[in-house]
Amino acid sequence: MSTEQAAPPDSAAHPGAPLTDAAQTRRAVGNILKGSAGNLVEWYDLYVYTVFAAYFQAHFFNSKDDLQAGLEAMAVFSTSFLMRPIGAWFFGRYADRNGRKAALTLSVTLMSAGSFAIAVLPTQDVIGIWAMVLLVLVRLLQGFSVGGEYGTSATYMSEAATSRRRGFFSSFQYVTLVGGQMLALLVLVILQNTLGGDALNEWAWRIPFALGGVAALVVLWLRRSMEETVSADQIRAAHVQAAGEAQPGTLKLLFTSHWRPLLVCIGVTLGGTVAFYTYTNFILKFMNDTSGIAKTDTSVINFWALFIFMLLQPVYGLISDKIGRKPLLVWFGVTGVLFTWPLLSTLSGTKDPFTAFLLMMGGLLIVGGYTSINALVKAELFPASIRALGVGLGYAIANSLFGGTVPLIGAALQKAGQVELFFTYVTAAIAISLVVYIFALKNKKATHLDREQGDAWAASRTDDAGTPAGANR
């Protein structure tokens with residue numbers, strides 16, 4: 001039965017009756033907003049580290065050499081990605097077996113704890129090398145948390161979306177993902193212009209971490225009212241051991257029945273995550289070190305470029321609903337291969353803030369072909385019984401090996417005076433994914449999400465036995 005069929009006018013009075021298009025949209029908007037708010041805070045808490053690294057790195061790392069301290073700070077950022085696959089496995093399994101809502105609530109709780117911890121961590125002047133050790137441990141916890149957030153959030157937002165606007169609704173994952181970084185930049189700009197650099201270097205760098213912890217607690221409260229998208233049947237099946245059958249949410253099911261889409265998921269992610277972290281994360285440090293533009297100006301440039309980039313995500317999503325997902329990914333791949341080197345090499349030498357903005361914006365327009373729909377493309381590869389684990393683990397593997405190492409590789413090549421090799425690395429990564437887009441994906445074909453009505457669209461009633469309506473479809 002199509003999820004888009006209109007219900008009779010009195011459907012609200014008839015449990016189990018299909019919802020009208022307007023009712024579906026209202027429910028989708030409500031659930032997407034609640035899911036997006038958590039995503040926003042999770043990624044703010046993750047990105048605020050790199051945005052403020054220049055101000056707190058001397059308190060935890062080698063303060064005699066700014067480049068060395070920056071390299072060590074980026075190394076710690078990259079170590080948090082080691083926990084991404086573990087977090088993706090844990091939360092993916094948890095979400096497929098216990099529901100998306102429970103997994104998303106747990107992940108934001110852990111992220112909140114990590115942010116509060118960094119806000120109060122003693123520095124190396126107080127406890128010596130233990131300051132760096134504690135910082136690494138907290139970042140590992142946050143890496144574990146966000147490793148679970150991505151796959152579960154991508155799954156939830158894809159399942160909660162209406163079928164005709166799935167690209168549009170699911171694009172809000174990256175609206176909030178980019179919004180998290182933009183929010184971190186906004187806090188940086190405000191603190192730079194109110195407290196100044198001296199206060200930020202001394203103590204005010206702690207403020208953004210404390211704000212992130214508080215915001216996560218607010219989201220924890222909001223997520224309590226999210227609607228579940230996993231059927232009762234799936235949750236029951238996950239806790240009943242059937243002889244010879246792989247249970248939902250297990251590595252056995254993923255590796256025996258869905259290993260091909262897992263490999264495709266990794267290939268789809270590889271080039272996109274390298275490009276994304278280059279143009280949204282590492283680029284601030286890159287501009288500060290190579291362009292000769294003042295730090296206060298590079299922060300403003302990054303903020304406005306990311307703001308426009310964020311607003312474009314739903315536009316790309318709507319386009320994908322019309323023409324399919326594959327053309328947008330191919331657009332990203334082709335233009336990324338052709339223009340990455342010219343954009344980055346020109347940016348490294350410019351001294352004009354407006355020119356730098358245009359160059360950064362050009363890179364983001366390319367990356368938008370990937371960011372806006374990649375989560376949905378991955379969700380469409382897997383059935384509900386293994387979706388959160390498959391999406392999360394595939395993303396986390398590629399993200400840990402390639403995306404998370406971008407700041408470290410970039411900083412190391414900068415320090416060695418070989419920044420051109422970094423441009424080549426980014427271009428090659430995009431080229432690999434372009435091959436996957438062209439040969440492994442089909443356009444506008446029925447997917448698992450199309451074939452599943454989705455428990456999110458069951459009427460919000462229960463039958464006499466207390467089972468959610470529609471759970472036994």
Treating [X] as the side-chain partner and [Y] as the backbone partner, does any N or O pair qualify as donor plus acceptor under 3.5 Å?
X      : Y      : answer
Asp45  : Ser115 : no
Asn399 : Thr273 : no
Thr109 : Thr105 : yes
Ser433 : Gly267 : yes
His59  : Pro122 : no
Arg100 : Ala95  : yes
Arg206 : Leu121 : yes
Gln313 : Ser372 : yes
Ser400 : Ile397 : no
Thr350 : Leu347 : no

**Report entry** Qualifying residue for ring pair (Phe, Tyr, Trp, His ring centres under 6.0 Å) with Tyr150, from Tyr395, Tyr156, Phe91
**Finding:**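 Of the listed residues Tyr395, Tyr156, Phe91, the ring pair (Phe, Tyr, Trp, His ring centres under 6.0 Å) partner of Tyr150 is Tyr395.
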Requested in this report: Test side-chain contact (heavy atoms from CB on, under 4.5 Å) on Leu364 and Ile308 and set out the steps.
Outcome: CA-CA 9 Å; Leu364 291 175; Ile308 297 172; over 6 Å; no
Query - Between CG on residue Leu185 and CG on residue Leu306, distance to nearest 0.5 Å - result: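 Separation between the atoms: 6.0 Å.
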**Report entry** Interatomic spacing from CD1 in Ile32 to CZ in Phe168 - rounded to 0.5 Å
**Finding:**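 Between atom CD1 of Ile32 and atom CZ of Phe168 there are 9.5 Å.
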Is the shortest heavy-atom distance from the side chain of [X] to the side chain of [Y] under 4.5 Å?
X      : Y      : value
Phe52  : Leu200 : yes
Tyr49  : Leu135 : yes
Val146 : Trp43  : yes
Thr298 : Leu284 : yes
Val51  : Val187 : no
Val41  : Met111 : no
Phe90  : Leu106 : yes
Val178 : Phe276 : yes

According to the interplanar angle, ranging from 0 to 90°, do the rings of [X] and [Y] count as parallel (below 30°), tilted (30 to 60°) or perpendicular (above 60°)?
X      : Y      : result
Phe60  : Phe56  : perpendicular
Tyr370 : Phe332 : tilted
Phe307 : Trp304 : perpendicular

Report task. Please name the residue in the list Lys326, Arg387, Arg325 that meets the salt bridge (charged side-chain N to carboxylate O under 4.0 Å, His left out) test with Glu380. Result ->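 It is Arg325; the other options fail the test.
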Requested in this report: Check Phe303, Trp205, Tyr55 against Leu188 for a side-chain contact (heavy atoms from CB on, under 4.5 Å) and give me the one that passes.
Outcome: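 Among Phe303, Trp205, Tyr55, the one meeting side-chain contact (heavy atoms from CB on, under 4.5 Å) with Leu188 is Tyr55.
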Query raised in the report: Less than 6.0 Å separating the ring centroids of Tyr277 and Phe402?
Result: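 Tyr277 vs Phe402: aromatic centres not under 6.0 Å.
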Query raised in the report: What about Phe282 and Phe422, are their ring centers closer than 6.0 Å?
Result: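 Ring centroids of Phe282 and Phe422 are less than 6.0 Å from each other.
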Query raised in the report: Which atom pair, heavy atoms only, marks the closest approach of Leu393 to Pro85?
Result: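 For Leu393 versus Pro85, the nearest heavy atoms are CD1-O, 3.7 Å.
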Query raised in the report: Are side-chain N/O atoms of Gln414 and Thr290 paired as donor and acceptor at under 3.5 Å?
Result: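 The criterion, which ignores hydrogens and geometry beyond distance, is not satisfied for Thr290 and Gln414.
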Report task. Kindly determine whether Trp331 and Tyr437 satisfy side-chain contact (heavy atoms from CB on, under 4.5 Å), including the steps that lead there. Result -> CA-CA 10 Å; Trp331 148 265; Tyr437 304 151; over 6 Å; no
Report task. Report the C-alpha separation of Tyr174 and Asn374 in whole Å, then their side-chain angles, then the decisive distance to 0.1 Å, and conclude whether the side-chain contact (heavy atoms from CB on, under 4.5 Å) test is met. Result -> CA-CA 9 Å; Tyr174 266 76; Asn374 82 94; 3.1 Å; yes
**Report entry** Within 6.0 Å of CH2 in Trp341, more than 12 heavy atoms from elsewhere
**Finding:**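 Result for CH2/Trp341: enclosed.
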Requested in this report: Any chance you could lay out the side-chain contact (heavy atoms from CB on, under 4.5 Å) test for Val136 and Leu140, step after step, and finish with the verdict?
Outcome: CA-CA 6 Å; Val136 171; Leu140 289 175; 4.2 Å; yes
